[in-house]
Structures are given as C-alpha cells and as structure tokens.
Peer 1: 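Below you will find the structure I want to go over with you.
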Amino acid sequence: MFAKKNRTERTAEEAWEHLSSAWASAGDSAGKAGRRGRRLASRAGDRVTSVTDEALTRATAAADALAGRRPSRPWALIAGIGLLGAALGWAAATTARAALERQAENEEIELAETAVVVTPTYDDH
C-alpha cells in the first residue's frame with residue numbers, strides 16, 4: 001500500500017508540475033499578447049481620436065455655414081506670417097546695407113589708387 005501511495009503522490013506531483021508549467025507559459029504568452037494588444041489599441045485610439053477631432057471640426061464648420069456664420073480669421077497664422085515677413089525684410093535690408101557699404105569702400109579705395117595729383121607749377125607764367 002505504501003508503494004501505491006508513493007506512485008499516486010508522484011503522479012500528482014508530476015501533474016502539478018505540468019499544470020504549473022503550462023500556467024506559467026500561458027501567463028508569459030498572455031503578458032506578451034496583452035502588451036502587444038495595448039500597443040495596437042493605443043495606436044488605433046490615436047488614429048480614431050485624430051479622425052474624430054477632424055470630423056468634429058468639419059461638422060462645426062458645416063453647422064456654422066448653415067447658420068450663416070462666417071468662419072473666424074486665423075489671427076495666429078496671420079501674426080506668424082507677419083513676423084516672419086518682418087524678420088526676412090530686416091535680414092534683406094541689413095544685407096543690402098552691408099553690400100552698399102562694401103561697394104562704397106571699394107570705390108573709395110579705387111579712386112585713391114588711381115587718383116592723379118596735379119600740382120601747380122609757377123614757372124610757366
């Protein structure tokens with residue numbers, strides 16, 4: 001009878017080991033699948049959110065148009081473009097001013113190098 005109990009205990013232990021191994025393996029697989037699923041769900045959620053935002057914007061614009069309201073001016077964009085234009089204008093003016101100064105200096109140097117000095121002589125009288 002003692003031998004039968006040992007065989008039964010061994011069988012139970014082996015079954016427990018197989019069960020716990022299978023459980024751990026399933027847990028690892030489920031963890032990986034869960035992480036992958038959460039990542040895919042997050043990406044899908046981001047896409048849905050952006051599409052939903054766009055749809056809401058368009059629906060609001062359509063409702064405003066049907067109600068006879070004009071769309072608002074994009075003042076931030078207008079101000080940004082104005083500042084960019086001012087910065088580009090300042091850069092162009094500074095560059096042009098520097099080029100004109102260099103040209104004037106080069107002309108002065110050229111005139112100084114090619115100048116003919118005429119000195120009056122009093123002998124020819």
Side-chain angles (χ1 to χ4, degrees):
M1 183 164 163
F2 189 68
K4 189 175 185 182
K5 190 173 185 182
N6 282 337
R7 185 173 176 209
T8 306
E9 287 178 359
R10 279 189 306 224
T11 305
E13 286 178 10
E14 288 177 10
W16 179 254
E17 287 177 11
H18 286 297
L19 179 63
S20 61
S21 174
W23 188 260
S25 175
D28 291 343
S29 296
K32 290 177 186 175
R35 284 190 294 275
R36 184 177 296 138
R38 282 191 298 271
R39 198 173 326 123
L40 291 174
S42 174
R43 288 181 189 163
D46 292 344
R47 288 182 183 167
V48 167
T49 301
S50 66
V51 169
T52 303
D53 291 345
E54 178 66 22
L56 181 62
T57 302
R58 288 181 180 208
T60 303
D64 287 345
L66 289 172
R69 291 187 290 267
R70 293 184 180 197
S72 63
R73 300 219 192 289
W75 290 112
L77 181 63
I78 293 170
I81 291 174
L83 288 173
L84 179 64
L88 290 174
W90 177 80
T94 303
T95 304
R97 187 178 310 121
L100 288 174
E101 287 175 2
R102 280 193 304 273
Q103 183 180 5
E105 288 174 1
N106 288 338
E107 287 175 358
E108 280 185 33
I109 291 171
E110 186 178 325
L111 283 175
E113 290 174 352
T114 59
V116 176
V117 178
V118 178
T119 54
T121 57
Y122 298 106
D123 296 339
D124 293 336
H125 253 114

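All residue numbers in this chain count up from 1 along the given sequence. Below, all heavy atoms of this structure are taken into account, side chains as well, without hydrogens, waters or symmetry copies.
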Peer 1: Kindly write out the residues that satisfy salt bridge (Lys or Arg N to Asp or Glu O under 4.0 Å) with Glu54, not counting sequence neighbours, or none if the list is empty.
Peer 2: Arg58

Peer 1: Once you round to the nearest 0.5 Å, how far does CG of Asn106 lie from CG of Leu111?
Peer 2: 11.0 Å

Peer 1: Starting at CD1 of Ile109, measure out to CD of Glu105 and round the result to the nearest 0.5 Å.
Peer 2: 6.5 Å

